[in-house]
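Data block below; observations after.
Here the structure is a predicted model, which is why all the values come from computation and not from measurement. For the single chain, residues carry numbers from 1 onward in sequence order.
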Amino acid sequence: MEEAKLLRRLRRGDQRALEQAIQQYSGYVMTVIRNRSRGLLSPEDQEEVASDVFVVLWQRAAEIHAPTLRSYLGAVARNRTVDAMKKQQLSVALEDNDIEIPDSAWANLTRRALREDLARAMGALSPRDREIFYRR
(Lines give C-alpha, C1' and ligand atoms only; values in the text may rest on other atoms or scores of the structure.)
Protein backbone atom coordinates (compact mmCIF):
# COMPACT_ATOMS: atom_id res chain seq x y z
CA MET A 1 0.00 0.00 0.00
CA GLU A 2 1.18 3.52 -0.74
CA GLU A 3 2.82 5.07 2.33
CA ALA A 4 0.98 8.39 2.16
CA LYS A 5 -2.40 6.68 2.00
CA LEU A 6 -1.47 4.33 4.83
CA LEU A 7 -0.34 7.26 6.97
CA ARG A 8 -3.60 9.15 6.30
CA ARG A 9 -5.56 6.10 7.43
CA LEU A 10 -3.40 5.80 10.55
CA ARG A 11 -4.01 9.46 11.36
CA ARG A 12 -7.76 8.80 11.17
CA GLY A 13 -7.39 5.97 13.69
CA ASP A 14 -8.03 3.14 11.24
CA GLN A 15 -6.98 -0.05 13.05
CA ARG A 16 -6.78 -1.96 9.77
CA ALA A 17 -4.14 0.53 8.65
CA LEU A 18 -2.09 -0.35 11.73
CA GLU A 19 -2.45 -4.04 10.90
CA GLN A 20 -1.34 -3.28 7.33
CA ALA A 21 1.65 -1.28 8.59
CA ILE A 22 2.66 -4.15 10.87
CA GLN A 23 2.34 -6.63 8.03
CA GLN A 24 4.20 -4.41 5.58
CA TYR A 25 7.02 -3.16 7.83
CA SER A 26 7.56 -5.71 10.61
CA GLY A 27 10.36 -7.46 8.71
CA TYR A 28 12.14 -4.17 8.12
CA VAL A 29 11.68 -3.09 11.76
CA MET A 30 13.05 -6.41 13.02
CA THR A 31 16.06 -6.10 10.71
CA VAL A 32 16.81 -2.62 12.05
CA ILE A 33 16.51 -3.89 15.62
CA ARG A 34 18.75 -6.90 14.98
CA ASN A 35 21.37 -4.81 13.19
CA ARG A 36 21.37 -2.11 15.86
CA SER A 37 21.54 -4.53 18.81
CA ARG A 38 24.15 -6.78 17.16
CA GLY A 39 22.60 -9.82 18.81
CA LEU A 40 22.87 -8.46 22.34
CA LEU A 41 19.10 -8.38 22.83
CA SER A 42 17.24 -11.65 23.24
CA PRO A 43 14.61 -12.54 20.62
CA GLU A 44 11.94 -11.73 23.20
CA ASP A 45 13.45 -8.30 23.82
CA GLN A 46 13.64 -7.71 20.08
CA GLU A 47 9.95 -8.58 19.74
CA GLU A 48 9.12 -6.21 22.59
CA VAL A 49 11.04 -3.39 20.93
CA ALA A 50 9.24 -4.08 17.63
CA SER A 51 5.89 -3.96 19.42
CA ASP A 52 6.89 -0.65 21.00
CA VAL A 53 7.74 0.74 17.56
CA PHE A 54 4.24 0.04 16.27
CA VAL A 55 2.64 1.36 19.47
CA VAL A 56 4.56 4.62 18.88
CA LEU A 57 3.34 4.63 15.27
CA TRP A 58 -0.26 4.27 16.43
CA GLN A 59 0.03 6.87 19.17
CA ARG A 60 1.94 9.48 17.17
CA ALA A 61 0.62 9.03 13.64
CA ALA A 62 -0.71 12.60 13.60
CA GLU A 63 2.77 13.95 14.43
CA ILE A 64 4.73 12.11 11.75
CA HIS A 65 6.44 14.46 9.33
CA ALA A 66 9.18 12.11 8.10
CA PRO A 67 9.75 11.88 4.34
CA THR A 68 8.60 8.26 4.40
CA LEU A 69 6.86 5.99 6.87
CA ARG A 70 9.71 3.53 6.47
CA SER A 71 12.30 6.11 7.53
CA TYR A 72 10.17 7.06 10.53
CA LEU A 73 9.80 3.43 11.62
CA GLY A 74 13.54 2.86 11.14
CA ALA A 75 14.40 5.84 13.33
CA VAL A 76 11.97 4.78 16.05
CA ALA A 77 13.28 1.20 15.90
CA ARG A 78 16.89 2.38 16.27
CA ASN A 79 16.03 4.69 19.16
CA ARG A 80 13.92 2.10 20.99
CA THR A 81 16.67 -0.49 20.51
CA VAL A 82 19.24 1.84 22.04
CA ASP A 83 16.85 2.55 24.93
CA ALA A 84 16.33 -1.19 25.54
CA MET A 85 20.08 -1.79 25.46
CA LYS A 86 20.72 1.07 27.89
CA LYS A 87 18.06 -0.30 30.21
CA GLN A 88 19.88 -3.63 30.25
CA GLN A 89 23.28 -1.90 30.39
CA LEU A 90 24.35 -3.40 27.09
CA SER A 91 26.58 -1.59 24.62
CA VAL A 92 28.03 -2.05 21.17
CA ALA A 93 31.57 -0.95 20.37
CA LEU A 94 31.57 2.39 18.54
CA GLU A 95 33.11 0.97 15.38
CA ASP A 96 30.35 -1.68 15.26
CA ASN A 97 27.50 0.86 15.31
CA ASP A 98 27.28 1.32 11.55
CA ILE A 99 24.57 -0.67 9.83
CA GLU A 100 25.87 -2.31 6.72
CA ILE A 101 23.82 -1.96 3.55
CA PRO A 102 22.95 -5.55 2.63
CA ASP A 103 22.59 -5.18 -1.13
CA SER A 104 22.56 -2.79 -4.04
CA ALA A 105 18.75 -2.55 -4.06
CA TRP A 106 18.78 -1.12 -0.54
CA ALA A 107 21.60 1.23 -1.53
CA ASN A 108 19.54 2.45 -4.51
CA LEU A 109 16.50 3.07 -2.30
CA THR A 110 18.64 5.00 0.16
CA ARG A 111 20.18 7.13 -2.59
CA ARG A 112 16.73 7.85 -4.03
CA ALA A 113 15.39 8.89 -0.61
CA LEU A 114 18.40 11.18 -0.11
CA ARG A 115 17.88 12.74 -3.55
CA GLU A 116 14.20 13.35 -2.73
CA ASP A 117 15.12 14.90 0.63
CA LEU A 118 17.68 17.14 -1.04
CA ALA A 119 15.20 18.18 -3.74
CA ARG A 120 12.65 19.13 -1.06
CA ALA A 121 15.25 21.08 0.87
CA MET A 122 16.42 22.89 -2.24
CA GLY A 123 12.82 23.69 -3.14
CA ALA A 124 12.40 25.40 0.22
CA LEU A 125 15.27 27.80 -0.48
CA SER A 126 14.81 31.16 -2.10
CA PRO A 127 15.99 31.36 -5.74
CA ARG A 128 19.00 33.41 -4.65
CA ASP A 129 20.01 30.96 -1.90
CA ARG A 130 19.50 28.04 -4.28
CA GLU A 131 21.81 29.68 -6.82
CA ILE A 132 24.46 30.22 -4.12
CA PHE A 133 24.17 26.58 -3.10
CA TYR A 134 24.48 25.35 -6.70
CA ARG A 135 27.52 27.54 -7.36
CA ARG A 136 29.19 26.36 -4.17
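Considering only heavy atoms from C-beta on, Ile64 comes within 4.5 Å of Leu57 through its side chain. With contacts defined as side-chain heavy-atom distances shorter than 4.5 Å, the pair Gln15/Trp58 qualifies.
Glu44 pairs by the side-chain hydrogen bond (donor to acceptor under 3.5 Å, both in side chains) definition with Ser42, not counting sequence neighbours. With sequence neighbours excluded, the residues that form a salt bridge (Lys or Arg N to Asp or Glu O under 4.0 Å) with Asp14 are Arg9. Partners of Arg120 by salt bridge (Lys or Arg N to Asp or Glu O under 4.0 Å), not counting sequence neighbours, listed by chain and number: Asp117. Residues passing the side-chain hydrogen bond (donor to acceptor under 3.5 Å, both in side chains) test with Thr68, sequence neighbours excluded: Ser71.
Distance check: Leu69 CG to Glu2 CD gives 11.5 Å after rounding to the nearest 0.5 Å. Taking CG of Leu73 as the reference point, atom CD of Gln24 lies at 9.5 Å (rounded to 0.5 Å). A distance of 11.5 Å separates CG of Leu18 from CD of Gln23, quoted to the nearest 0.5 Å. From Leu10, atom CG reaches atom CD of Glu3 across 11.0 Å, with rounding to the nearest 0.5 Å.
With Gln46 contributing its side chain and Leu41 its backbone, the two residues share a donor-acceptor pair below 3.5 Å.
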Run the side chain to side chain contact (heavy atoms under 4.5 Å, CB included) check on Arg60 and Tyr72 step by step: do they pass? CA-CA 11 Å; Arg60 298 186 182 161; Tyr72 178 81; 3.8 Å; yes

Side chains of residues 121-131: which donor-acceptor pairs under 3.5 Å do they make with residues two or more places apart or in other chains?
| residue | atom | partner | partner atom | Å |
| --- | --- | --- | --- | --- |
| Ser126 | OG | Asp129 | N | 3.1 |
| Ser126 | OG | Asp129 | OD2 | 3.3 |
| Arg130 | NE | Met122 | O | 3.0 |
| Arg130 | NH2 | Leu125 | O | 2.7 |
| Glu131 | OE2 | Arg135 | NE | 2.6 |
| Glu131 | OE2 | Arg135 | NH2 | 3.1 |

Can you give the donor-acceptor pairs under 3.5 Å from side chains of residues 48-56 to other protein atoms, not counting sequence neighbours?
| residue | atom | partner | partner atom | Å |
| --- | --- | --- | --- | --- |
| Ser51 | OG | Glu47 | O | 3.1 |

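Nearest approach of Arg36 to Met85, heavy atoms of both residues: O-SD, 4.0 Å. Taking all atoms of both residues into account, the shortest heavy-atom contact from Leu6 to Ala17 is CD1-O, 3.3 Å. Annotation for Ile33 and Ala77: closest pair CG1-CB, 4.1 Å, computed over non-hydrogen atoms.
Note that Arg70 lies outside the cation-pi zone of Tyr25, set by a 6.0 Å cut-off to the ring centre and a 45° limit from the axis.
Environment of CD in Glu63: crowded, with over 12 heavy atoms of neighbouring residues, nucleotides or ligands closer than 6.0 Å.
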